[in-house]
Amino acid sequence: MSRFQELLRASMKSKDTEEWLDVHFTRPVGLVFALMWRQLGVHPNAVTILSIFLGAGAAYCFYFTDLCHNLCGVMLLLLANLCDSTDGQLARLTHQHTFIGRMLDGFASQLWFLGIYVAIAMRLQHQPMPFTDIHWGMGSWALAAVAGILCHSQQSSLGDYYRQIHLYFLKGKEGSELDQSKQQYDIYKSLAKNEWLKRLFYVNYANYCRGQERRTPAFQRFFQAYLGYPQEDVKQRFLAGSRPLMPYANILTFNTRAICLYVTCLLNCPWVYFVFEIVVLHALYIYMHNRHETLCKLLTNDLEKRAKQI
């Protein structure tokens, strides 16, 4: 049991960035499965591929309106998320980190939700809008596009970015996955043309990082100022200001939106999920973003004043 607890603690990134549900359910159960897969000799990439199929199965089930299919959809998406936690834990246990694994892990949850958004749009298409006799028609696709492309993708990418920033200041580069677009573009340019799969991954990942950087100009300025003139008290002030924002970053990633998805699909009103995404989650996104940028502006001014006094 002590060995299990030790492995479990090692799988946690930090208390600041872990959600209650992940700490008490997803991580422990994922570790149990990881230990089982290790005994069976299963490769982490196989677990990631399994998560993609489970997510696709969940999307298929959410197309239907009956309770049975939707309960199956809930269970399949829960299992997909467990597999998403398990593959990383299994890779650490077996030291089987591969480029293909990194690529698959990055796209897995995106594929789940792409399928789910398409399924819900199709499900709503021939249903009447609430309190009317008018069918959703193409309106369901428009709602899904706004919720998915303009809201979900922006929210989850920035939430993850802020968590990685916090981990960088808390644990250093080794404890974070904070990557910069220029470095990723340089890797892309260094690859041979026949390494087309790696080139495709790195150019897409570089564009993903660039999108995060464009939305956070105040942080980019602060980060460059901090790297040029690192100060321990500024680091601690940043962490103190960033820590209260971590619950918002967590809300904008998986668990909260998944719970809302489960409830609205089971109640046969999945349009509420899209509205929740567009209204509630995006309001939290704007609030989190504004507070983080304001914090960075204040700290940048402080660093620049100190640098001038040298």
Side-chain angles (χ1 to χ4, degrees), residues 8-27 30 81-82 84-89 91-92 97 102 105-110 112-113 151-181 183-184 205-220 222-223 226-227 234-260 277 280-296 299:
L8 184 59
R9 282 192 296 272
S11 72
M12 305 288 184
K13 294 180 180 178
S14 79
K15 290 182 179 179
D16 292 347
T17 58
E18 294 286 354
E19 292 185 77
W20 184 92
L21 190 60
D22 288 337
V23 170
H24 296 281
F25 176 72
T26 308
R27 297 286 189 195
N81 188 48
L82 281 173
D84 187 52
S85 176
T86 298
D87 59 8
Q89 292 170 311
R92 284 187 289 273
H97 297 277
R102 184 185 178 193
D105 192 52
F107 288 119
S109 62
Q110 296 178 37
W112 308 341
F113 277 100
C151 295
H152 183 153
S153 62
Q154 302 294 316
Q155 295 160 8
S156 59
S157 69
L158 196 66
D160 182 62
Y161 191 50
Y162 283 165
R163 290 200 298 192
Q164 297 308 324
I165 290 169
H166 189 85
L167 287 169
Y168 179 92
F169 280 87
L170 185 68
K171 306 177 80 170
K173 179 61 179 173
E174 296 74 20
S176 167
E177 296 174 4
L178 181 62
D179 293 315
Q180 295 179 295
S181 61
Q183 294 171 342
Q184 303 308 309
Y205 185 52
N207 288 331
Y208 175 81
C209 294
R210 181 61 180 152
Q212 292 173 320
E213 291 162 2
R214 283 176 177 168
R215 283 180 285 150
T216 55
F219 169 72
Q220 303 309 318
F222 163 68
F223 195 42
Y226 177 79
L227 292 177
V234 172
K235 170 184 169 181
Q236 294 304 322
R237 284 169 59 196
F238 176 81
L239 286 171
S242 173
R243 192 168 289 115
L245 300 180
M246 290 303 98
Y248 297 103
N250 289 334
I251 287 170
L252 295 176
T253 49
F254 179 80
N255 288 331
T256 299
R257 73 175 73 247
I259 290 169
C260 182
E277 185 107 62
V280 178
L281 293 187
H282 215 64
L284 293 179
Y285 164 86
I286 293 169
Y287 175 75
M288 176 186 71
H289 177 260
N290 288 342
R291 278 192 57 181
H292 199 276
E293 289 287 278
T294 300
L295 170 68
C296 292
L299 295 178

**Report entry** side chain to side chain contact (heavy atoms under 4.5 Å, CB included) between Arg27 and Ser85, worked out
**Finding:** CA-CA 7 Å; Arg27 297 286 189 195; Ser85 176; 3.9 Å; yes
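- Residue-environment remark: CD (Glu177) stays at or below the threshold of 12 foreign heavy atoms within 6.0 Å.
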**Report entry** Criterion side chain to side chain contact (heavy atoms under 4.5 Å, CB included) on Tyr208 and Tyr161, from CA distance to verdict
**Finding:** CA-CA 10 Å; Tyr208 175 81; Tyr161 191 50; over 6 Å; no
Requested in this report: Using the side chain to side chain contact (heavy atoms under 4.5 Å, CB included) rule, take Tyr205 and Asp179 through it: C-alpha gap first, then chi angles, then the decisive distance, then the call.
Outcome: CA-CA 9 Å; Tyr205 185 52; Asp179 293 315; 2.6 Å; yes
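- Using the six-membered ring where Trp is involved, Phe219 and Phe223 have ring planes that are parallel, under 30° apart on the 30 and 60° scheme.
- Shown here is Lys173, whose NZ atom has more than 12 heavy atoms of other residues, nucleotides or ligands within 6.0 Å.
- A pairwise comparison of heavy atoms in Ala249 and Gly159 identifies CB-O, 3.5 Å as the closest pair.
- The shortest non-hydrogen separation linking Ala218 to Glu293 is N-OE1, 2.8 Å.
- Taking both residues in full, the closest heavy atoms of Leu167 and Thr17 are given as CD2-OG1, 3.9 Å, listed atom of the first, atom of the second, then distance.
- Gln110 has its side chain out of reach of Ser153: every pair of non-hydrogen atoms, C-beta onward, lies at least 4.5 Å apart.
- Atoms OG and CZ, from Ser176 and Arg163 in turn, are 11.5 Å apart once rounded to the nearest 0.5 Å.
- Side-chain contact between Val234 and Phe222: present, with at least one pair of heavy atoms (C-beta onward) separated by less than 4.5 Å.
- Put simply, CG on Leu170 and CE on Met246 are 10.5 Å apart, with the number rounded to the nearest 0.5 Å.
- Contact record, Arg243 with Pro247: O-CD, 3.5 Å, taken as the closest heavy-atom pair.
- Atom OG of Ser181 and atom CZ of Arg214 lie 8.5 Å apart (nearest 0.5 Å).
- Atoms CG and OG1, from Leu21 and Thr256 in turn, are 9.0 Å apart once rounded to the nearest 0.5 Å.
- Nearest heavy atoms, Tyr168 versus Leu227: OH-CD2, 3.7 Å.
- Asn250 and Asn255 share no side-chain donor-acceptor pair at under 3.5 Å.
- The nearest pair of heavy atoms linking Glu213 to Gln180 is OE2-CA, 3.4 Å.
- To the nearest 0.5 Å, atoms OG (Ser157) and OH (Tyr162) are separated by 10.0 Å.
- Put simply, the side chain of Arg215 never gets that close to the backbone of His289: no donor and acceptor are under 3.5 Å apart.
- In this structure the side chain of Met288 never reaches within 4.5 angstrom of the side chain of Ile251, judged on heavy atoms.
- Among Tyr248, Tyr287, Phe238, the one residue that satisfies the ring-ring contact (aromatic ring centres under 6.0 Å, His included) test with His292 is Phe238.
- In this structure, Asn290 CG and Leu295 CG are separated by 12.5 Å, a value rounded to the nearest 0.5 Å.
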**Report entry** Audit row: Leu281, Cys151, side chain to side chain contact (heavy atoms under 4.5 Å, CB included) steps and yes/no
**Finding:** CA-CA 8 Å; Leu281 293 187; Cys151 295; over 6 Å; no
